[in-house]
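This report concerns only the one structure given below.
Nothing fancy with the numbering, it's 1 onward along the sequence. What you see is a predicted model, and the numbers here were worked out from it, not measured in a lab.
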Amino acid sequence: MNFRQHATSLVSAIEPIGPDMNILRKLDQNAERWLLLTFYVMLVITMAVEVLRREIFAYSSIWGEEIVRYAFIYLAWVGAAAAVKERAHIRIDVIMHYLGPRPKALLYMFGDIVMMIVAVIALYWSYESVHVSWKFGSVTDGLRISKVWFLMSVPLGFGLMIWRLLQSVRRDFISLKTGEPVFEGDTLFD
């Protein structure tokens, strides 16, 4: 049995798992989008309610400002992971226009690996504050709920970022191996 026949039989053996894999694939494709939408809607609605309460009733809640603040923090960290996924983060890529597909893939892989090292270090250190908050049971000032839920935004963002970087390195490795053009993402301006 050659490789192609073996791969085909392996794929046909896995096919019954299809619907579950479709759910996971859709979650993988849209996780950041749904999280960003959730936190953005939460931020906008809470901010609008608080503005109306201040202007109409001359009264504001203690929890409104906290929800907006923490929703914005989650929005920023999940947005960073989304930028890595779409390769839309800020970069200077003038030299990339003059390179062929293979050197371009190597440079993108190098950048992703460096970014992954930084993300792993940041993930490790961000767990320190979560651990301390968990250990001492710190709570937020207005909502009086555990700060762990809000401090987890940083490890969540870096965890998503590492996952997207692993996917990016894999995608670039395949491009490097096949000689196909590497995924460059969208440019912010030209």
Taking every non-hydrogen atom, the tightest pair across Arg102 and Leu176: NH1-O, 2.7 Å
Residues at least two apart in sequence or cross-chain that pass side-chain contact (heavy atoms from CB on, under 4.5 Å) with Trp149, listed by chain then number, are Ser146
Can you give me the closest heavy-atom contact between Leu99 and Ile95, atom names plus distance? CG-O, 3.5 Å
To the nearest 0.5 Å, what is the distance between CG (Leu106) and CD1 (Ile113)? 9.5 Å
Applying side-chain contact (heavy atoms from CB on, under 4.5 Å) to Ala80 and not counting sequence neighbours gives Met161
So, using side-chain hydrogen bond (donor to acceptor under 3.5 Å, both in side chains) as the criterion, who are the partners of Thr140 when residues are at least two apart? Glu66
Any residue meeting side-chain hydrogen bond (donor to acceptor under 3.5 Å, both in side chains) with Lys104, in chain and number order, not counting sequence neighbours: Glu184
Minimum heavy-atom separation for Leu160 to Ala81, with atom names? CB-CB, 3.5 Å
Tell me the salt bridge (Lys or Arg N to Asp or Glu O under 4.0 Å) pairs involving residues 168-181, sequence neighbours left out? Arg87-Asp172
Heavy-atom pair of closest approach, residues Asn30 and Lys85: N-NZ, 4.4 Å
Among residues two or more places apart or on two chains, list those pairs meeting ring pair (Phe, Tyr, Trp, His ring centres under 6.0 Å) that have a residue in residues 37-60. Phe39-Tyr74
Evaluate the ring planes of Tyr70 and Phe150, with Trp represented by its six-membered ring, and classify them as parallel (under 30°), tilted (30 to 60°) or perpendicular (over 60°). parallel
For Asp112 and Ser168, work out which heavy atoms get closest and say how close. OD2-OG, 2.5 Å
Is it the case that atom CD in Glu55 sees more than 12 heavy atoms from other parts of the structure closer than 6.0 Å? no
Can you pull the salt bridge (Lys or Arg N to Asp or Glu O under 4.0 Å) pairs that have at least one residue in residues 135-162, sequence neighbours excluded? none
In terms of heavy-atom contacts, Leu123 and Pro155 come closest through CD1-O, 3.4 Å
Establish whether Trp77 and Ile121 are linked, either directly or via other cluster members, by ILVMFWY side-chain heavy-atom contacts under 4.5 Å. yes
According to a hydrophobic-cluster definition based on side-chain heavy atoms being under 4.5 Å apart (Ile, Leu, Val, Met, Phe, Trp, Tyr only), do Val84 and Tyr108 belong together? no
If Ile, Leu, Val, Met, Phe, Trp and Tyr residues are connected whenever their side-chain heavy atoms lie under 4.5 Å apart, and connections chain through other members, are Val44 and Val49 in the same group? no
With a 4.5 Å heavy-atom cut-off, do Val139 and Ile145 have their side chains touching? no
Who pairs with Ile62 by side-chain contact (heavy atoms from CB on, under 4.5 Å), at least two apart in sequence or on another chain? none
Which residues share a side-chain contact (heavy atoms from CB on, under 4.5 Å) with Trp63, sequence neighbours left out: Thr46, Glu50, Arg53, Ser61, Ile67, Leu143
Would you kindly confirm whether Val51 and Ile45 end up in one hydrophobic cluster when ILVMFWY residues are joined by side chain heavy atoms under 4.5 Å apart? no
What pairs meet the side chain to side chain donor-acceptor pair (under 3.5 Å) rule with one or both residues in residues 150-166, with sequence neighbours excluded? Asp28-Trp163, Asp28-Arg164, Glu32-Arg164, Arg164-Gln167
Using a 4.5 Å cut-off on heavy atoms from C-beta on, say whether the side chain of Val169 contacts that of Met116. yes
Shared hydrophobic cluster for Leu37 and Leu35 (ILVMFWY, side-chain gaps under 4.5 Å): no
Residue pairs meeting side chain to side chain donor-acceptor pair (under 3.5 Å), one or both in residues 114-127, sequence neighbours left out, come to none
List in chain and number order the residues that pass side-chain hydrogen bond (donor to acceptor under 3.5 Å, both in side chains) with Ser133, two or more places apart in sequence or in another chain; answer none if no residue qualifies. Ser138
